[in-house]
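One structure is given here, and the rest of the page talks about it.
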Amino acid sequence: MRTIRTLIVDDEPRIRRGIERHVQSLGEGWEVVATAGDGREALQLLQEHEGGVDLLITDVKMPEMDGLTLIKEAKKLYPIYPILISGFDDFIYLQTALREGALDYILKPLDREQFRHRMLELRDIITRDRYHALTRGELERDTEKLAKTRQIQTLSYITSADINMTNLGCWVDEFPSGQYILLLVRLDALPVKTRTYTSSDWKAYFYALENIISEVVETELAHSGRTGWCYFGGESDFWVLVQGEQSDVAIEATARQLAEQIRASIRAYTPFTVSIAYGQTIEELYLLPEAKRQSLARMNYRYVYGGNQIFHSAERSEEGDADQHGKEAAILSQKLKRAVDQANEADALKACKQFFEQVEMMESPSRIQAAVLHAVILIHSALLENTRGLPDSSAIMEEIQMVKRAASLHELKSCTWHLAESVIHDIIKSRQTSNVKVIDQAKRWITDHVAEDITIKKIADHVYMNPTYFSEYFKMQTGETVLDFLTRLRIDHAKELLRDTRLKLHDISGRVGYQDVKYFSKLFKQKLGMTPSQYRESTNIEPKGAGKDDDEQ
C-alpha cells in the first residue's frame, strides 16, 4: 500500500514538530517526507522530490512566501492536496484558501482527535483519487492499444493484394497527419536447416520476428516524436510504416537507421537474415499503395546485389559508378524509367539511346553490367508501379539472367529496349481499359485550385471516387502520382511567377499553395537543383534590391 507522503510547512519550529508527531501517530500509511519554515523553501523541496508529495500542510502567515501563495504556485506544478492551518479565524482567509484549492482550513491550536479524524477522511479522498487516476490511465492505455490494433488491421488490408478499395471510405482519418515512409522487410534465402522446420516452428519464428521488429520500432521511435506501425504481410514479408511531422526533414535518416537496426537485430537473435527496401516519402496515406509498389520494386535489387542489404532508390542510382559516364548513365536510366512511366515510346527510345551512348564509354565490364541491370530493374519497377498485383519474380530473374549472359553491347541494348517496349505496351493496354475523362476533370480542378490546401480526398470528392482508389487510378492512367503532378504543376507555376520582379518569395510560395516558405524553397531546389533566387538569377531576372530572400538564407 502506498503511503500518504506529507510535506509540513510552518515558520514556528515547535508547531512544525507538533504537526509532524500528529501525522506520524496516524500509523504506517503515513509518511512525512520533509518539513519547511516558509513557502519558498517548501517549493524548493517539492522540486527536489520531483512532485513526490501527496499532502501539503501549511501555515497561512509566513515570511518569504505565505501559505496561500505557496498553494497557488505548488498546484501549478504538481497535483497535491493542500490543507491550511492558521491561528486566525477569518472568513476571508477561508474563502481565499478554498478558491486556491485547499481541501480544508484548520485552526490552531490543533485538537488531536479532530486532526486525526480529518486526516483519515483525507486519506480516503486521496486513495479514491489514486484509484480513479489508475483506472483512467489503464482505460486510456487500453483505448490506445485498441486504436493501434485497428490501425494495423487497416494497414494490413490496404497493403494486401486484390482488395476492393471502393469500400474503404475515409480510413486515413484514423491516423495522424504528416509524412510517411513504408519499409518492406523480407527474409533472404533460408538456411539449409530450415528444411526440417515444421509449421509450428515457422509459426513461432514468424511470431518472434514480428516481436523483434515491433520492439525495434518502438524503441527507436520512442523519443523522436514519430510514430510507427509493424505488421505481417504474408509469406516472408513484414511491413513497417513510419510517420513524422509534415516538415520532418530527418524522416529519411530515421527510416535508414530503423532499417539498419531491424536488420542487425534479426541477424543477432534468429538464424535468418533480411533485406529491407523502401521508396520515397509520401505526404498522404492515400498514396500507401504507391509506396508499397515502390518498396516491392526496390526489393528487386536483391537479385543483383544479394541479400542482407538495404535498398533505397536514392542510393542505388549512384552506386558503383564513380566516373562521369557512370553518373550520366544513372541519370539517363531514371529518364528512361520516366518515359516508360508515361508510356511515351519516342522519349523512351531517345533515352535508351542516350543511356547506351554513356554505357559504351564506360571501361569496366562489371560497371557496364551493373548500369544495365539497374536500368532493367527500373523498367520493371515502372510496370509494377503502373499496374496492380504483385511482381513476377520469375520474369525479372529471366531478364537479369539475359543481361548477365549477354555477349555484346548490341545484345544488351536489344534486350533492354525490347523490355522497355513490352512494358510500355502493357501500361498502355492497362490504361485503355478505363475512361480517362475522370483524370482530365481532376487535373482541371487541381489547376484551378493550385494555390489552395489540396488533398487527395478533396480531388477524389470532386470526381466522386474513393480517395484510395482514385490515387491508384490516377497513377495507372498518367504514370505519376497525384502528389507528383501537383508538385510539378506548382513548381512550373512558381517558375512563371519568379519572372515578376515585384513578387517576394513568400508571395510566390503562397500563390502556389505552400504556406511554409522554407519548405517551398527546399522542394524547388530538390526538383530543379537550385533555389528560387538562383533560378531567378539564372534566367537573368534580377529583382529590385538584389539579393536572396531572407527565407532562403
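One is the number of the first residue; the rest follow in order along the sequence.
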[atom1] ([X]) with more than 12 external heavy atoms under 6.0 Å:
X    : atom1 : result
K353 : NZ    : no
Q401 : CD    : yes
E260 : CD    : yes
R488 : CZ    : yes
K443 : NZ    : yes

Look at the side chain of [X] and the backbone N and O of [Y], then say whether any donor-acceptor pair between them is shorter than 3.5 Å.
X    : Y    : result
H493 : L489 : no
S156 : I152 : no
D237 : R186 : no
S422 : H418 : no
T194 : L190 : no
S471 : Y286 : yes
R302 : G307 : no
S509 : H506 : no
S414 : E411 : no
T273 : R267 : no

Check: [Y] and [X] side chains under 4.5 Å, non-hydrogen atoms:
X    : Y    : value
T281 : Y180 : no
L221 : T254 : yes
L241 : L183 : no
V172 : P467 : no
E452 : K458 : no
L258 : V217 : yes
L505 : F520 : yes
V216 : R263 : no

Inset, instruction - Determine, step by step, whether F238 and Y231 satisfy the side-chain contact (heavy atoms from CB on, under 4.5 Å) criterion, reporting the C-alpha distance in whole Å, the side-chain angles of both residues, the deciding distance to 0.1 Å, and the verdict. - result: CA-CA 6 Å; F238 296 87; Y231 51 100; over 6 Å; no
Legend entry - K404 and E399 ion-paired at < 4.0 Å: no
Legend entry - Lys/Arg N to Asp/Glu carboxylate O, E472 vs K292, below 4.0 Å: no
Legend entry - Which residues share a salt bridge (Lys or Arg N to Asp or Glu O under 4.0 Å) with K457, sequence neighbours left out: D461
Legend entry - With N344 via side-chain contact (heavy atoms from CB on, under 4.5 Å) - residues at least two apart: Q342, A346, D347
Inset, instruction - Identify, with sequence neighbours excluded, every residue that meets side-chain contact (heavy atoms from CB on, under 4.5 Å) alongside E174. - result: R150, Q151, T154
Legend entry - Over-ring placement of R490 relative to Y514, 6.0 Å and 45° cut-offs: yes
Taking all non-hydrogen atoms of both residues into account, name the closest pair between [X] and [Y] and its distance.
X    : Y    : value
F311 : Q309 : CZ-CB, 3.7 Å
M530 : S538 : SD-OG, 3.8 Å
K413 : F356 : CA-CZ, 3.4 Å
V340 : I427 : O-CD1, 3.4 Å
F524 : A494 : CE1-CB, 4.3 Å
K193 : P271 : CE-CB, 3.9 Å

Look up atom [atom1] in [X] and atom [atom2] in [Y], then write down how far apart they are to the nearest 0.5 Å.
X    : Y    : atom1 : atom2 : answer
I282 : E290 : CD1   : CD    : 9.0 Å
L378 : T416 : CG    : OG1   : 11.0 Å
M362 : Q369 : CE    : CD    : 11.0 Å
T468 : L287 : OG1   : CG    : 9.0 Å
I368 : L373 : CD1   : CG    : 12.0 Å
E328 : S333 : CD    : OG    : 11.0 Å

Inset, instruction - Give a yes or no on whether the ring-centroid distance for W202 and F272 is below 6.0 angstrom. - result: yes
Inset, instruction - Could you point out which residue of Q294, R298, R256 forms a side-chain contact (heavy atoms from CB on, under 4.5 Å) with Y278? - result: R256
Inset, instruction - Kindly determine whether D448 and R444 satisfy salt bridge (charged side-chain N to carboxylate O under 4.0 Å, His left out), including the steps that lead there. - result: CA-CA 6 Å; D448 292 341; R444 283 196 299 272; over 6 Å; no
Legend entry - Parallel, tilted or perpendicular: ring planes of W171 versus F175, cut at 30 and 60 degrees: perpendicular
Inset, instruction - Kindly assign one of parallel, tilted or perpendicular to the pair F206 and F232, based on the angle between their ring planes and the thresholds 30° and 60°. - result: tilted
Do [X] and [Y] pair up side chain to side chain, a donor and an acceptor below 3.5 Å, judged on atom types alone?
X    : Y    : value
N211 : S214 : no
Q257 : Q261 : no
K335 : Q354 : yes
D484 : T481 : yes

Legend entry - Evaluation steps, side-chain contact (heavy atoms from CB on, under 4.5 Å), between V240 and L182: CA-CA 6 Å; V240 175; L182 182 66; over 6 Å; no
Legend entry - Worked verdict on E284 versus L483 for side-chain contact (heavy atoms from CB on, under 4.5 Å): CA-CA 9 Å; E284 288 197 63; L483 187 60; 5.7 Å; no
Inset, instruction - Determine, step by step, whether Q243 and Q179 satisfy the side-chain contact (heavy atoms from CB on, under 4.5 Å) criterion, reporting the C-alpha distance in whole Å, the side-chain angles of both residues, the deciding distance to 0.1 Å, and the verdict. - result: CA-CA 6 Å; Q243 178 267 344; Q179 52 184 335; over 6 Å; no
